[in-house]
Colleague: 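Shown below is the structure under consideration.
These values consider heavy atoms only, across backbone and side chains, with no hydrogens, waters or symmetry-generated copies. Nothing here was measured: the structure is a model prediction, and the numbers come from that model.
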Amino acid sequence: MSQKPKPSHGLAACPGCAEPLESGDRFCGACGYDLSAAPAAEAGPDRPTVAIGTPVTWPDAPPRDPGSLSTMTQHPGDLPGTDSGGRDLPTMEVRTDGPRSPAPVTAAPGGTATPGAAPTPDGDFELAAPDPRTAVRVDPAPAAAAPAASMCVACRAGRVDTDGYCENCGHAQPRERDHMEREIAGVAAVSDRGLRHHRNEDAFAVSSTTLPDGSPATLAIVCDGVSSATRPDEASAAAAEAAGASLLAALPRGTHPQQAMHEAIVAAAEAVNSLAEEPGQDGSEHDPHRHRNAPACTIVGSVVAAGLLVVGWVGDSRAYWVPDDRSTPPARLTEDDSWAAQMVAAGLMSEAEAYADERAHAITGWLGADSYELDPHTAAFKPDRSGVVVVCTDGLWNYAEAAEDMARVVPADATDRPLGAAQVLVGHALDGGGHDNITVALVPFTVTPQGAGSA
């Protein structure tokens, strides 16, 4: 293979006549000019055939850290341009705060480790993906433990979402107050929303304490929120809590149980009164009946202490006495503050006629800021036999109104198993239709036989 000789003169045209020259000419073919004697071409300015744009002013390289082995990398935005294929350079973030970490090692298809990058079919190189085994793992900040999801009470398979519905069957789950149970030594209570109401407006408090002589005392408070008033559920809860706390403070001091019950009802009334809005809060500062429709509830309670059975009430929640010996008569221990009771007391109607009237359950006494006057009722009994006190709202006694009816549905082992008996009574009301909230507390009363325990 031969190479084409380069022109020795380095001229494109004759200096004498401007005749074009061939690369191998030693003399001009037109005028005979000796091309070997031609002066060398002077260096002049470049005359490119394609104009060059404004020269790029490269930024100075960042200063090198004295302790570093290399200078820091420039930002791509500082040096705009294209790659070898004419594509815009990527503008990915580049680390500029120190030496780059060594490129991760990737495994080639044959199993050989190749550092850095792998070629693509078009000959370019792409950075290899980071090796997850070399990635820095940061443990997340410790967070509060999430509450465990509860199981659906309907399908027993799905989890209950935060909105209170089952993720599996969509069944609305009972809220905390929809069904409540509590049992301590000597007393138990159960409360249920029932089948018709959208919430449970009843509340209860059960507890036990000791008298100054060390003998035990048990107590139960049951409250029924007045549905036609505002926030009845708050009223019943406040009353039950206040009455229970008052009794637990008074009985250990030696206050007579009947006086302690009276004080407890007064404390409950004050707690409910405090829920009423102050003048101006509801825009009714010019309304003379500023406490209209204030939170309200009824209350009934029982204390068993020192051989006494004490009850107290305001409204139409009731207490019944059911003896263990069912051959002896039971008794209703309270009198309703209601329209029906007033009709019977005035001799205007028989009990059957009064309670059959649609106005029967209109109450004439309640706890609340708009009550006419507070008139706590209390009574003390000294039974001569063992039995159980049934303290309940009308959600139960509507389905067992007479004392005989109540004794019929109270389980025979209620004294020994008060919680189980309370559950049975709530079930009785639910089976009857559950038209109202249902709350019942059972307080056993035990009489020690004469001579028992003597030497």
Side-chain angles (χ1 to χ4, degrees), residues 174-182 187-207 219-248 261 263-277 291-303 311-319 334 336-338 361-371 374-377 390-398 422 425-426 429 434-443:
R175 291 162 291 189
E176 182 181 1
R177 284 187 66 170
D178 282 358
H179 186 88
M180 301 178 290
E181 297 185 359
R182 191 177 182 200
V187 61
V190 177
S191 182
D192 193 90
R193 177 172 59 92
L195 304 178
R196 302 296 181 89
H197 281 235
H198 71 283
R199 65 182 174 187
N200 189 359
E201 298 169 357
D202 289 357
F204 67 80
V206 293
S207 191
L219 61 98
I221 299 292
V222 169
C223 298
D224 184 355
V226 178
S227 296
S228 60
T230 58
R231 295 145 55 206
D233 53 331
E234 296 181 30
S236 62
E241 181 180 2
S246 178
L247 286 169
L248 287 178
M261 178 61 73
E263 295 174 357
I265 295 175
V266 172
E270 293 174 350
V272 178
N273 291 349
S274 67
L275 298 177
E277 294 179 337
H291 288 309
R292 182 181 59 185
N293 206 31
C297 69
T298 67
I299 186 171
V300 62
S302 175
V303 172
V311 294
W313 74 97
V314 172
D316 64 347
S317 293
R318 295 180 176 180
T334 59
D336 298 343
D337 289 322
S338 68
H361 291 282
I363 58 175
T364 58
W366 61 88
L367 304 183
D370 59 353
S371 62
L374 180 61
D375 183 20
H377 311 296
V390 180
V391 185
C392 64
T393 62
D394 59 348
L396 171 61
W397 67 253
N398 277 334
L425 293 174
V426 170
H435 287 73
D436 201 352
N437 304 146
I438 310 152
T439 301
V440 56
L442 296 182
V443 188

Colleague: List in chain and number order the residues that pass side-chain contact (heavy atoms from CB on, under 4.5 Å) with Ala296, two or more places apart in sequence or in another chain; answer none if no residue qualifies.
Modeller: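 Applying side-chain contact (heavy atoms from CB on, under 4.5 Å) to Ala296 gives Val226, Ala229, Trp366.
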Colleague: With a 3.5 Å cut-off and sequence neighbours excluded, list the donor-acceptor pairs that the side chains of residues 233-241 form with protein atoms.
Modeller:
residue: Glu234; atom: OE1; partner: Arg231; partner atom: NE; Å: 3.2
residue: Glu234; atom: OE1; partner: Arg231; partner atom: NH2; Å: 3.4
residue: Ser236; atom: OG; partner: Arg177; partner atom: NH2; Å: 3.2
residue: Ser236; atom: OG; partner: Glu201; partner atom: O; Å: 2.8
residue: Ser236; atom: OG; partner: Pro232; partner atom: O; Å: 3.4
residue: Ser236; atom: OG; partner: Asp233; partner atom: O; Å: 3.0

Colleague: Name all residues meeting the ring-ring contact (aromatic ring centres under 6.0 Å, His included) criterion together with His435; count only those two or more places apart in sequence or in a different chain, and write none if there are none.
Modeller: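 So His435 forms no ring-ring contact (aromatic ring centres under 6.0 Å, His included) with any residue.
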Colleague: For Asp394, enumerate each residue passing the side chain to side chain donor-acceptor pair (under 3.5 Å) test, keeping only those at least two apart in sequence or located in another chain.
Modeller: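 If we apply the side chain to side chain donor-acceptor pair (under 3.5 Å) test to Asp394, skipping adjacent residues, there are no hits.
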Colleague: My understanding is that only residues two or more places apart in sequence, or in another chain, count here; which of them pass side chain to side chain donor-acceptor pair (under 3.5 Å) with Asp316?
Modeller: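 Scan of Asp316 (side chain to side chain donor-acceptor pair (under 3.5 Å), adjacent residues dropped) gives none.
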Colleague: For a 4.5 angstrom cut-off between non-hydrogen side-chain atoms, does Leu219 reach Val187?
Modeller: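 Counting from C-beta outward, Leu219 and Val187 never come under 4.5 Å.
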Colleague: In sequence, state the C-alpha distance, the side-chain angles, and the governing distance for Asp202 and Ile438, and then conclude on side chain to side chain contact (heavy atoms under 4.5 Å, CB included).
Modeller: CA-CA 7 Å; Asp202 289 357; Ile438 310 152; 5.5 Å; no
Colleague: Would you call Val426 and Val440 a side-chain contact if the rule is heavy atoms closer than 4.5 Å?
Modeller: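 Yes, at least one pair of side-chain atoms sits under 4.5 Å.
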Colleague: Got a second to check how far Arg199's CZ is from Ser227's OG, nearest 0.5 Å?
Modeller: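 Going from the CZ atom of Arg199 to the OG atom of Ser227 covers 7.5 Å.
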Colleague: Has Asn273 got a side-chain atom pairing as donor or acceptor with Ala369's backbone, closer than 3.5 angstrom?
Modeller: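 Indeed, once roles are kept as given, a pair shorter than 3.5 Å links the two residues.
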Colleague: So, using ring-ring contact (aromatic ring centres under 6.0 Å, His included) as the criterion, who are the partners of His197 when residues are at least two apart?
Modeller: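 In terms of ring-ring contact (aromatic ring centres under 6.0 Å, His included), with neighbours along the sequence ignored, His197 is linked to no residue.
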Colleague: With respect to Ser191, which candidate in Asn437, Asn200, Asp178 satisfies the side chain to side chain donor-acceptor pair (under 3.5 Å) definition?
Modeller: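 Of the listed options, the one satisfying the test is Asn200.
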Colleague: Just by distance, do the side chain of Thr230 and the backbone of Asn293 share a donor-acceptor pair under 3.5 Å?
Modeller: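 Present.
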Colleague: Evaluate the side-chain proximity of Arg318 to Val300: yes if any heavy-atom separation is below 4.5 Å, no if none is.
Modeller: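 No, their side chains stay 4.5 Å or more apart.
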Colleague: If you measure only the distance, is there a donor-acceptor pair under 3.5 Å linking the side chains of Thr393 and Asp224?
Modeller: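 On atom types as modelled, these side chains do not qualify, holding no pair under 3.5 Å.
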Colleague: How long is the span from the CG atom in Leu367 to the CD1 atom in Ile265, to the nearest 0.5 Å?
Modeller: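 The distance works out to 7.5 Å.
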Colleague: Quick one, Leu247 with Glu263, criterion side chain to side chain contact (heavy atoms under 4.5 Å, CB included). Give me CA distance, side-chain angles, the key distance, then yes/no.
Modeller: CA-CA 8 Å; Leu247 286 169; Glu263 295 174 357; over 6 Å; no
Colleague: Measure across Cys392 and Val222 and return the closest heavy-atom pair with its distance rounded to 0.1 Å.
Modeller: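 Shortest heavy-atom separation between Cys392 and Val222 comes out as C-CG1, 4.2 Å.
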